[in-house]
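Okay, so here's the structure we're looking at.
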Number of protein chains: 2
Amino acid sequence: MKNSIKVERAKKDLTQADLAEKVGVSRQTINSIEKGRFVPSTILALKMAEVFKTSVHEIFSLEEVDWQG
Amino acid sequence: MKNSIKVERAKKDLTQADLAEKVGVSRQTINSIEKGRFVPSTILALKMAEVFKTSVHEIFSLEEVDWQG
DNA sequence: TCTTTATGTAAAGTATAATTTATTTTTAGT
DNA sequence: ACTAAAAATAAATTATACTTTACATAAAGA
């Protein structure tokens, strides 16, 4: 799964720590998601969408590999 | 978090088992998510949206309680 | 009634999301 | 070059999504 968290943060001028605080997780969790190491829960994705005032689809998108396995 | 999986399944005439097979999880996992016992991963939510040909937001929505805690 | 299909739950186990603490590396500003 | 903020990463721990197996119930049809 790809994500555009870094771009959305830039648009709103938010640091990873800022975003973490707004959605209620740790700074490292945001970093791990942004780097593609963790797949966030749907609740967390919806919260990010709300903070960025956009849709989940604008932030996260499936890749072919996500349908394999 | 609320969800309208049952309604979306009805629209597409899919059983829990049908949906499970399409998104690659077990039937019990679908049941647990539909009943609100499990919060799905963002990958799973995106797959459901694709199967239902709609958005994650149409299927899942945050409640006040999700922002507490 | 008997059978089949769909659903709801539960317990035990595995995989992984998320936390905490900590260190290192980048980046930006002066 | 120096400093400070931001970002990247890691190890250990905790919480929880998801699987598997299993059983129970309700509805519909033969």
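Naming convention: chains lettered A, B, ... in sequence-line order (proteins, then strands); numbering from 1 in each chain.
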Can you measure [X] atom [atom1] to [N] atom [atom2] for me and round it to whole angstrom units?
{"X": "A/Asp13", "N": "C/dA28", "atom1": "CG", "atom2": "C1'", "value": "13 Å"}
{"X": "A/Ile43", "N": "C/dA18", "atom1": "CD1", "atom2": "P", "value": "10 Å"}
{"X": "B/Met1", "N": "D/dT16", "atom1": "CE", "atom2": "C1'", "value": "14 Å"}
{"X": "A/Lys6", "N": "D/dA6", "atom1": "NZ", "atom2": "P", "value": "14 Å"}
{"X": "A/Arg9", "N": "D/dA5", "atom1": "CZ", "atom2": "P", "value": "17 Å"}
{"X": "A/Glu21", "N": "D/dA7", "atom1": "CD", "atom2": "P", "value": "15 Å"}
{"X": "A/Gln16", "N": "C/dA18", "atom1": "CD", "atom2": "P", "value": "15 Å"}
{"X": "B/Arg27", "N": "D/dT20", "atom1": "CZ", "atom2": "C1'", "value": "12 Å"}

* ILVMFWY cluster, A/Leu14 and A/Val7 together (side-chain gap under 4.5 Å) ->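 Looking at the clustering, A/Val7 is in a separate group from A/Leu14.
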I want to verify a distance call: between [options], whose nearest atom is closest to the [X] side chain?
{"X": "A/Lys35", "options": "C/dT19, D/dT9, C/dA17", "value": "D/dT9"}
{"X": "B/Asn31", "options": "D/dC18, C/dA17, C/dG8", "value": "C/dG8"}
{"X": "B/Gln28", "options": "C/dT19, C/dG8, D/dT21", "value": "D/dT21"}
{"X": "A/Phe38", "options": "C/dA17, D/dC18, D/dA7", "value": "C/dA17"}

* To do: Evaluate whether atom NZ of B/Lys12 has more than 12 neighbouring non-hydrogen atoms of other residues, nucleotides or ligands under 6.0 angstrom away.
  =>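 Above 12, so yes.
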Is it true that a side-chain atom of [X] and a backbone atom of [Y] form a donor plus acceptor pair closer than 3.5 Å?
{"X": "B/Ser4", "Y": "B/Glu58", "value": "yes"}
{"X": "B/Thr42", "Y": "A/Pro40", "value": "yes"}
{"X": "A/Asn31", "Y": "A/Gln28", "value": "no"}

* Structure fact -> By nearest-heavy-atom nucleotide on DNA chain C, the more 5' of B/Ser32 and A/Ser41 is B/Ser32
* Asked: Within the structure shown, what part of the strands sits under 4.0 Å from B/Thr15 by heavy-atom distance: base, sugar-phosphate, or nothing?
  -> sugar-phosphate
* To do: Check whether any side-chain N or O of A/Ser26 sits under 4.0 Å from OP1 or OP2 of C/dA18, and answer yes or no.
  => no
